[in-house]
Every structure is written in C-alpha cells, then in structure tokens.
Amino acid sequence: MGAGLLVTGFMMLEAQNYLLDFQFNRAARSDIDLTFIDERGPDALAEIRSLPGIDYAEPVLNVACTFVHGPYRRKSGVTGLLADSRLTVPRDKQGEPIQLPEHGLVISRTLAEILHVQPGQSLTLIPVKGERRPVEMTVTRISDSFMGLSAFAEIGYLSRLVDEEFAMSGVQLLTDGNAANEAALHRELKRTPAVQSINSRRDMIENLTETLLQNQWVFIGVLVSFAGVIFFGSIVNASVVNLAERQREVATLGALGYSPWQIGGLFLRESLLVNMLGTILGLPLGYALMALTAVSYNNELIRLPIVSAPWVFIDTMLLSIVFALLAHVVVQWSILRMNYLEALNVKE
C-alpha cells in the first residue's frame, strides 16, 4: 500500500509539471497577451510591432459564441490564429503540433465530447454579439488541452465568417527578455488607449499555481508523508515480529560464533527481498490510483494528465530500500541487546 501511495504522489507531481510545461511552453508560448477594446485591423499589428522590446508578434481574433450540434449546446469561443502560428500552437494527443486548415475548425477533446462531435462533422457557431448570424463550420481535427474549452480556426477564415476582411481582437507578443525594454514596453502599452488588458505568461503561471495547484501541492505532500509512515511502520512491525519469533534461531547462530552484525545481515537481506517484491507489486496499484484521481479531478476548467516518468518508479524503489534500511536499524539494535542465554531458554 505504501508503494502505491508513493507512486500516486510522485505521478501527481509529474502531472502538474507536465501540465504547466504543455500549456505554457508548448501550447501557449507568448510572453505577453494584449486584448483590444474592440476589433482592429492590420495597422494595429504594425503599430504594436514597432514598440520597444518586442521580438515577434502575432494577431489573435477571439469570437465568443455558442456551439450547437444537434441537441447539444455550449457557450465558449473560437480563437483565430495564423495558419503557421508560433505563439499559440494546438497540439494532438501525442503532443505534436496541429496545422490549422484554411477552412474548418480545430476543437479540444473535452469540448468535442461535450458536443458529441467527431472530425468531419459540422456544427453551428452562433456569435454572442454583432448580427449573431449562425455559421456552419466543419470540425477537421481534435486537439488536446488540459485547461478550459478551446477551439481554433485560421484568422482570415474566421474574420470572413464574422463579416470582416481581416480583424483581430488582440496580439500575442514574444519579448527580447531585456528588463529595461520590458519596462518601457509596459509604459507604452499603458498609454495606448486601444489596449484593454495586458496578461503576462509569468503572472498567469503564478496565478494558476496559487489558485488551482496550491491545494494540490499540500495534498501531494500529505500523501507522500502518509505513504512514508505506512511504508516505514509496516516494515518495522514485520521485522520486529519476525525477530521476536526467531529469538532461539538468533541465539543459536550467536552460540555458533556468528557476530551480531552477521546475524543482522541475514535479516537485512531477507527484509530487502520481501520489501522489494512488495514494492514491485505495488507499482501498478499506484498507477491505477492515479488514473482514478485524474478521472475524479476532470472538469471543464482544468484536467490532470496521466503521465509517468522513469524517476517516479526509480525513486519509489530507492525510497523502499531507504525505509527498509531505517527499519533494520531497529532490528540490529535489538540483536545487539539480545541476551542469548535467555533466548535459548525461550520455549517454542
């Protein structure tokens, strides 16, 4: 049981790290996201690109809408991106980038499940503002995401669907990393009346960690500590009981000339063998517990991936050996203090 809980705790830690890496290093790679008060044209993109500290900028068009597929409806939104977007990259289940089609829609797996839609099927998009004219769109690919309900389309195609030649509601920026240039950039953006909001990737990661993942860190810490107590306690209990049942055997070995350390070595090898066998059997249990935890944690806001890494199982095995060695200290201390004459007189 202790090994299974350790694996679960370590896998949850790996899942958190994978989620943050996937969302903010692979899927959303911009340093700063700007949102305009209203839709703007290409001139606004050229103006933003001329500001200090910017290495690269991409336009974004966010269209809030209601998706309809048969009897299924869900309010969400479509994000319009460049076909070869570098700063927001939809990815498939294997983590590979998805090329946005010239015509069609790429939606996240969770949204597809809610709408009961498959690639090749069409759904209706009803914008929440403007003329609210229903638009038919074909789902071309399913992307994977661990946060929110997302849908993507090529920005030119999406602009035409909302009766615009080219429109953008915001810009994603990649900065040069210079602190002075970044400070100057923020000053310029605050003086720009068309900019409604400024979101930093660093702030988004901090907010996510504080609001959503902080309690999970505490849970992981409690889980790993509890697993350690169970692991250590069970090994100590089994070792002490084993020693108590074999006092005459220990005393006999002592009478035959074995030193306390040699006798302790026999118990240590036996304990390590049993402990390693139990740990190996507990590894699949830990994986199954993590799968159940991910299912119970699954919601529209955030989802935990089920991922593992070699260090999860290696560290579990190493900790099991450490706990076995610590438990053996109690056994060895008992052997050193044992009175062999009294032990030989103990009745079986």
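These numbers were taken from a predicted model, which means no experiment stands behind them.
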State, to 0.1 Å, how close I107 and A151 come at their nearest heavy-atom pair, and which atoms those are.
CG2-CB, 3.7 Å
May I ask whether V274 and I263 are part of the same hydrophobic cluster, defined by side-chain heavy atoms of I, L, V, M, F, W, Y residues being less than 4.5 angstrom apart, directly or through others?
no
Rounding to 0.5 Å, atoms CG (D31) and CG (L174) come to a distance of 5.0 Å
Pairwise side-chain contact, L81 with I155, heavy-atom cut-off 4.5 Å (strictly under):
no
Compute whether any side-chain donor of one residue and acceptor of the other, for R109 and S145, lie under 3.5 angstrom apart.
no
Please check if the number of heavy atoms outside R337 that lie under 6.0 Å from its CZ is greater than 12.
no
A side-chain contact here means heavy atoms from C-beta on lying under 4.5 Å apart; do L149 and I114 qualify?
yes
Look only at the side chain of Q172 and the backbone of V60, and say whether a donor-acceptor pair between them is shorter than 3.5 Å.
no
Are L292 and M290 close enough that some pair of their side-chain heavy atoms sits under 4.5 Å apart?
no
Sub-4.5 Å side-chain heavy-atom contact between P119 and I142:
yes
Heavy-atom closest contact (T279 atom, T316 atom, distance):
CG2-CG2, 4.1 Å
Might you point out which heavy atoms bring V139 and V117 nearest each other, and give the distance in Å?
CG2-CG2, 3.8 Å
Do side-chain atoms of R74 reach the backbone of L111 as a donor and acceptor pair under 3.5 angstrom?
no
Once salt bridge (charged side-chain N to carboxylate O under 4.0 Å, His left out) is applied, what residue pairs with a partner in residues 44-55 remain, sequence neighbours excluded?
none
Establish, for the pair R86 and Y56, whether the NZ or CZ atom is under 6.0 angstrom from the six-membered ring centre and no further than 45 degrees off its axis.
yes
When rounded to the nearest 0.5 angstrom, what is the spacing between OG1 in T140 and CD in E102?
11.5 Å
Closest contact, heavy atoms only, M137 versus L125:
SD-CD1, 3.5 Å
Are the side chains of D144 and S108 in contact, using a 4.5 Å heavy-atom criterion?
no
If you apply the rule salt bridge (Lys or Arg N to Asp or Glu O under 4.0 Å), what do you find for E182 with R202, and how did you get there?
CA-CA 13 Å; E182 186 170 343; R202 180 173 58 250; 3.5 Å; yes
When you measure from the side chain of S320 to the backbone N and O of M317, does any donor-acceptor pair fall under 3.5 Å?
yes
Any chance the side chains of Q332 and W261 put a donor and an acceptor closer than 3.5 Å?
no
Distance-only side-chain donor-acceptor flag, Q121 / T138, under 3.5 Å:
no
Can V106 and L100 be said to form a side chain to side chain contact (heavy atoms under 4.5 Å, CB included), step by step?
CA-CA 7 Å; V106 175; L100 291 179; 4.0 Å; yes
Below 4.5 Å, heavy atoms only, C-beta onward: do W311 and L13 meet side chain to side chain?
yes
For a 4.5 angstrom cut-off between non-hydrogen side-chain atoms, does F22 reach P305?
no
OG1/T192 to CD1/I198 distance, rounded to the nearest 0.5 angstrom?
8.0 Å
Closer than 3.5 angstrom, by distance alone: can the side chain of H69 be matched with the main-chain N or O of L115 as a donor-acceptor pair?
yes
Is a side-chain donor or acceptor of R133 paired with a backbone partner of L161 at a separation under 3.5 angstrom?
yes
H116 and Y72 aromatic ring geometry - parallel, tilted or perpendicular at 30°/60° bounds
parallel
Closest heavy-atom contact between L61 and E39?
CD1-CG, 4.0 Å
Within a radius of less than 6.0 Å around CD of E136, do more than 12 heavy atoms belonging to other residues, nucleotides or ligands occur?
yes
Rounded to the nearest 0.5 Å, how far apart are CG of L325 and CG of N275?
9.5 Å
Is a side-chain donor-acceptor pair under 3.5 Å present for E58 with S85?
yes
Under the 3.5 angstrom rule, does the side chain of T8 hit a backbone N or O of G286 as a donor-acceptor pair?
yes
Cluster link V322 to I280, ILVMFWY, side chain under 4.5 Å
yes
Path from V89 to I98 over hydrophobic side-chain contacts below 4.5 Å
no
Between E154 (side chain only) and G156 (backbone N and O only), is there a donor and an acceptor less than 3.5 Å apart?
yes
For the backbone of D33 and the side chain of R201, can you confirm whether one donor and one acceptor N or O come within less than 3.5 Å of each other?
no
May I ask whether V63 and F152 are part of the same hydrophobic cluster, defined by side-chain heavy atoms of I, L, V, M, F, W, Y residues being less than 4.5 angstrom apart, directly or through others?
no
Walk me through it: do L45 and V171 pass the test side chain to side chain contact (heavy atoms under 4.5 Å, CB included)?
CA-CA 7 Å; L45 179 61; V171 180; 4.0 Å; yes
At their closest point, which heavy atom of I306 faces which heavy atom of A294, and how far apart are they?
CG1-CB, 3.7 Å
Looking at T124 and V135, would you say the former's side chain and the latter's main chain have a donor-acceptor pair under 3.5 Å?
no
Test T88 against R29 for side-chain hydrogen bond (donor to acceptor under 3.5 Å, both in side chains), laying out the working first.
CA-CA 6 Å; T88 294; R29 305 168 62 186; over 6 Å; no
Derivation of the side chain to side chain contact (heavy atoms under 4.5 Å, CB included) call for L105 and L123
CA-CA 10 Å; L105 191 66; L123 52 77; 4.0 Å; yes
Kindly compute the distance separating CE (M12) from OG1 (T293), expressed to the nearest 0.5 Å.
5.5 Å
Donor-acceptor pair, side chain of R91 and main chain of R26, under 3.5 angstrom
yes
Can you tell me how far the CG atom of L289 sits from the CG atom of L6, to the nearest 0.5 Å?
11.5 Å
So do F146 and I302 actually touch side chain to side chain, heavy atoms under 4.5 Å?
no
Please assess C65 against V78 for the test side chain to side chain contact (heavy atoms under 4.5 Å, CB included), listing each intermediate value before the final yes or no.
CA-CA 7 Å; C65 63; V78 182; 4.0 Å; yes
